[in-house]
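If you're wondering where the values come from, they're calculated on a predicted model, not measured in any experiment.
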Amino acid sequence: MNVMTRGNRVRQGDVDEFDEGGDSKDVRKGPSQRAADVLVTILTTFSILFIIVTFPFTVWDCLKVVQEYERAVIFRLGRILKGRAKGPGLFWVIPWLDDIQIVDLRTISFTTSRQQVLTADLVPLSVDAVMFYRVLDPGLWVTRLADSHLATHTLAETTLRTTLGMYSLADILARRKAVAQRMEEILYDTAMGWGLQVERVELKDVSLPLSLQRCMALEAEATREARAKVIIAEGEVKASRALKEAASGMSPVALQLRYLQTLTSSASDHTSTLRYLQALTSSASDHTSTVVFPWPIDLLEAFALQ
């Protein structure tokens, strides 16, 4: 009878306990397990004696070197050796008993494939992102995942779709940094169990459908036009108030002087009397000409506002 529990496996005659890190530790060894341990000890002892006897011919196969940015995870007869991964530099192995897997500790970056996302306000988007990560625990990285890089890429893509589905279009466009930080937090919690550290996540490109882009452009244009009309209207109101205040405080003498100043400024715009006369007698087809008729101010008093 087999009994399966979370994190533990119990079997008659041979009991192994598995912790959450995936490493096994013996609780009570059955006869078969004890016999296997004895066999491993015998093979390891004879291998070491053989290496000593055949020294220095076999020593060259027993010495391995890994770079500063690499670590070696060693499996001896199928079981991972206790302790930290080997490296960097020189270390010793038994070639016919040990299986070595080299893990790169440098930061790895990749771009997710373009994902079709539906936002919280039901707007379809086409999004891709960039993720930077590195291996912290080579043992977990090797033993937890069958295809480590594929699993990491798949996790990043699914997290991208899930996270963007929680935000509206306006939030995604205006708070891209906050959205990326939220993705980084979700990826960090999951990746730590795989021996990874997520260093940075950035949204690379956010694309909208062409029809939605046209609608947003028309909306923005209409908003700008309405704002411009409001500004013009407010300016006219302020100008009319200023003119009213100026007219209310102007005396008849000041009005006469202002009238003469206007005539002088209009005449000064013409470089010669000939051009001034041409402006007075311009043809009807010339709509840009300015015609000025001097008018006695006394005749305007009858039309003055009281």
Side-chain angles (χ1 to χ4, degrees), residues 20-22 66-73 84-85 87-88 101-224 227:
E20 293 186 357
V66 293
Q67 302 297 329
E68 180 68 29
Y69 53 84
E70 295 177 336
R71 297 294 183 272
V73 180
R84 301 177 59 184
Q101 295 192 23
I102 305 298
V103 178
D104 196 331
L105 301 185
R106 292 176 294 182
T107 299
I108 301 173
S109 64
F110 73 94
T111 302
T112 62
S113 59
R114 187 164 290 274
Q115 303 295 311
Q116 301 298 325
V117 180
L118 192 64
T119 62
D121 51 352
L122 303 180
V123 177
L125 295 178
S126 181
V127 187
D128 57 359
V130 181
M131 177 179 172
F132 299 86
Y133 68 94
R134 66 185 183 92
V135 179
L136 284 183
D137 191 332
L140 289 178
W141 175 253
V142 172
T143 57
R144 280 293 183 91
L145 302 173
D147 192 336
S148 305
H149 295 288
L150 178 61
T152 306
H153 292 191
T154 305
L155 175 64
E157 292 172 356
T158 54
T159 304
L160 175 63
R161 291 194 299 268
T162 303
T163 306
L164 293 184
M166 301 166 56
Y167 294 89
S168 63
L169 176 61
D171 291 337
I172 294 174
L173 297 179
R175 302 169 53 198
R176 295 181 62 169
K177 187 175 182 180
V179 174
Q181 289 179 350
R182 177 57 180 167
M183 287 181 55
E184 185 176 338
E185 293 174 359
I186 297 175
L187 289 171
Y188 181 85
D189 294 338
T190 304
M192 284 300 293
W194 296 350
L196 291 179
Q197 179 183 7
V198 178
E199 295 183 340
R200 190 176 183 86
V201 178
E202 291 290 345
L203 295 179
K204 186 177 180 181
D205 185 25
V206 179
S207 300
L208 299 174
L210 293 178
S211 58
L212 184 59
Q213 293 181 19
R214 287 193 292 267
C215 292
M216 294 179 65
L218 291 175
E219 180 183 1
E221 183 179 358
T223 303
R224 288 193 298 268
R227 191 177 304 165

Note to self: Are the side chains of Leu169 and Leu208 in contact, using a 4.5 Å heavy-atom criterion?
What the structure shows: yes
Item checked: Ion pair check, Glu221 and Arg224, cut-off under 4.0 Å -> no
Notebook entry, point to check: If we only count heavy atoms from C-beta on, is the Asp171 to Val179 side-chain gap below 4.5 Å?
Noted result: no
Next item on the list: Hey, can you tell me if Trp141 and Tyr133 have their rings parallel, tilted or perpendicular (30° and 60° cut-offs)?
Entry: tilted
Check: Gly165 and Val117: which non-hydrogen atoms are nearest, and at how many Å?
Finding: N-CG1, 4.2 Å
Next item on the list: Measure the shortest side-chain to side-chain distance between His149 and Phe110 over non-hydrogen atoms and say whether it is less than 4.5 angstrom.
Entry: no
Check: Arg114 and Ser126: side-chain donor and acceptor closer than 3.5 Å?
Finding: yes
Item checked: Heavy-atom closest contact (Leu203 atom, Arg176 atom, distance) -> O-NH2, 3.0 Å
Check: Quick one: CE on Met192 to CG on Leu140, what's the gap to the nearest 0.5 Å?
Finding: 9.0 Å
Notebook entry, point to check: Around atom CZ of Arg200, are there more than 12 heavy atoms of other residues, nucleotides or ligands at under 6.0 Å?
Noted result: no
Notebook entry, point to check: Is there a donor-acceptor pair under 3.5 Å between the side chain of Thr112 and the backbone N or O of Glu157?
Noted result: no
Notebook entry, point to check: Taking Asp128 for the side chain and Asp205 for the main chain, is one N or O donor matched with an acceptor at less than 3.5 Å?
Noted result: yes
Checklist line | Greater than 12 external heavy atoms within 6.0 Å of Arg84's CZ | finding: no
Item checked: Close side-chain approach of Arg71 and Leu105, heavy atoms under 4.5 Å -> yes
Margin query: With a 4.5 Å cut-off on side-chain heavy atoms, are Gln115 and Leu164 touching?
Written below: no
Checklist line | Side chain Thr158, main chain Leu155, donor-acceptor under 3.5 Å | finding: yes
